[in-house]
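Note sheet for the following structure.
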Amino acid sequence: MKQALIIGSTVVDVTVRLPRLPVTGEDVIVESQSMSLGGCAYNVSEILRQSGVPYTLFSPVGTGVYGNYVREHLKRKQIPILIPAPAADNGCCYCFVEQSGERTFAALHGAEYRFEGQWFSLVKSSSVECVYVCGLELEEDTGSVILDYLEEHPEYTVYFAPGPRISFIPQRNLERMFSLSPILHLNGDEALGYTGLTDSPEDKKAGDKRAENPGPEGRTPDNLREAAVRLTALTRNHVIITLGAHGAFHMEPSGKHALIPGCPARQVDTTGAGDSHLGAVIACRMKGYPMDKAIRTANRISAAVVEHAGSGLEDEDFPRLNV
């Protein structure tokens, strides 16, 4: 089996738990605070590692207190750092988790998001089957060097998860990425927002009702299906739109689509759920699963992730999911 190349960030997640986000000028008492490894690329790679799928985490680790934390904890996990240390501080991500389990991020960008073209010579390209790319790196002014490398290797299957920053990525970089025909992974808000489609209160209510009772054909709101149509037209490949407890909407390049139901979960912390979902899709596809089975498995894994504090699963918990 070839490997997955996971391009992106590894950061320190500073998780702050509080009853709710404060409004301007308010004082809210924090319930707890903790630090752990995180970052989109790292979260994706953890699911691959736990699935037993070969991968390379291609993530710069900078200097400073956060860079030292990342370097030390990757070493403890015996995860190699392939890229030479940049002479710049690593950033961090502040994760504000409310009692509902919903999270809000405030990111301090550092060396972990910036890439240099010569680093890609360290990759054994012939061993790579697929590549994961997050949107945050393409937003940086060095994002073009990632695209340069991918354009040199059209044989790769590209998984692209631009996240909520999709509208901040330079249009030229988005066009170059879409021309690579990536498998696109977004959540419902991101998909509707980028395509300019929105739910009225009536549409949202009706959509929620249909998602709870999708029926034999997996019916979904018209605007969600239209968003997938528009996105598929851009990428000419699979589009996966995650819908939390309602599962995930999948559209094939042909236009065939289905709502793949989610799994019941007690929502504790949604941090890393989307990253883990895509990590599971990549792992399953590398194992030869058809896409619908891969998404069904990913729904189960992301449901397990939201039931735990933090951005992923402990190694001892993963085998219980029977992936």
Side-chain angles (χ1 to χ4, degrees), residues 7-9 40-41 43-44 93 102-107 109 113 131-141 143-144 146-147 150 157-201 203-204 206-208 211 220-244 246-260 262 270-279 281-282 291 295 298 302:
I7 300 175
S9 62
C40 296
N43 295 338
V44 168
C93 182
E102 288 298 333
R103 85 292 183 271
T104 303
F105 295 146
H109 282 205
Y113 290 109
V131 178
Y132 161 86
V133 181
C134 173
L136 290 166
E137 289 73 28
L138 296 190
E139 185 181 338
E140 297 286 337
D141 58 10
S144 59
I146 298 173
L147 294 164
L150 296 178
T157 298
V158 178
Y159 293 86
F160 181 44
R165 300 291 298 179
I166 183 171
S167 298
F168 295 87
I169 298 172
Q171 185 60 32
R172 177 55 182 153
N173 283 0
L174 270 182
E175 291 172 356
R176 290 177 67 187
M177 171 56 78
F178 289 154
S179 71
L180 296 168
S181 294
I183 295 172
L184 191 60
H185 190 274
L186 293 163
N187 68 29
D189 290 340
E190 294 158 0
L192 293 174
Y194 182 71
T195 55
L197 298 164
T198 56
D199 278 322
S200 69
D203 287 341
K204 190 175 190 311
D208 288 344
T220 56
D222 290 342
N223 56 355
L224 183 64
R225 183 167 54 249
E226 177 60 25
V229 168
R230 296 183 187 187
L231 293 167
T232 303
L234 292 172
T235 63
R236 303 171 304 282
N237 209 333
H238 297 273
V239 170
I240 303 167
I241 302 174
T242 59
L243 302 170
H246 298 316
F249 182 76
H250 170 222
M251 180 166 283
E252 299 179 13
S254 66
K256 181 180 177 182
H257 59 272
L259 175 66
I260 301 176
T270 59
T271 306
D275 301 331
S276 298
H277 190 277
L278 182 51
V281 169
I282 296 171
M291 184 61 86
I295 295 172
S302 60

Rounded at 0.5 Å granularity, tell me how far [atom1] in [X] sits from [atom2] in [Y].
X: Met251; Y: Leu224; atom1: CE; atom2: CG; answer: 8.5 Å
X: Ile240; Y: Leu231; atom1: CD1; atom2: CG; answer: 12.0 Å
X: Thr235; Y: Ile183; atom1: OG1; atom2: CD1; answer: 9.0 Å

key: Aromatic ring proximity His250/His238, centre distance under 6.0 Å   = yes
query = Do the two ring centres, one from Phe160 and one from His185, sit under 6.0 Å apart?
reply = no
ask   = Sub-3.5 Å donor-acceptor pair from the side chain of Asn223 to the main-chain atoms of Leu197, do we have one?
value = no
query = Are any side-chain N or O atoms of His257 and backbone N or O atoms of Gly255, one a donor and one an acceptor, separated by less than 3.5 Å?
reply = yes
key: Flag for Thr195-Arg230: side-chain donor and acceptor within less than 3.5 Å   = no
request  = Examine the side chains of His109 and Glu139 and answer whether a donor and an acceptor come within less than 3.5 Å of each other.
outcome  = no
Would you check if [X] and [Y] make a side-chain contact, meaning some heavy-atom pair closer than 4.5 Å?
X: Ile241; Y: Leu184; value: no
X: Leu259; Y: Leu243; value: yes
X: Tyr132; Y: Ile7; value: no
X: Glu137; Y: Ser9; value: yes

ask   = Who pairs with Arg176 by side chain to side chain donor-acceptor pair (under 3.5 Å), at least two apart in sequence or on another chain?
value = Asp148, Glu151
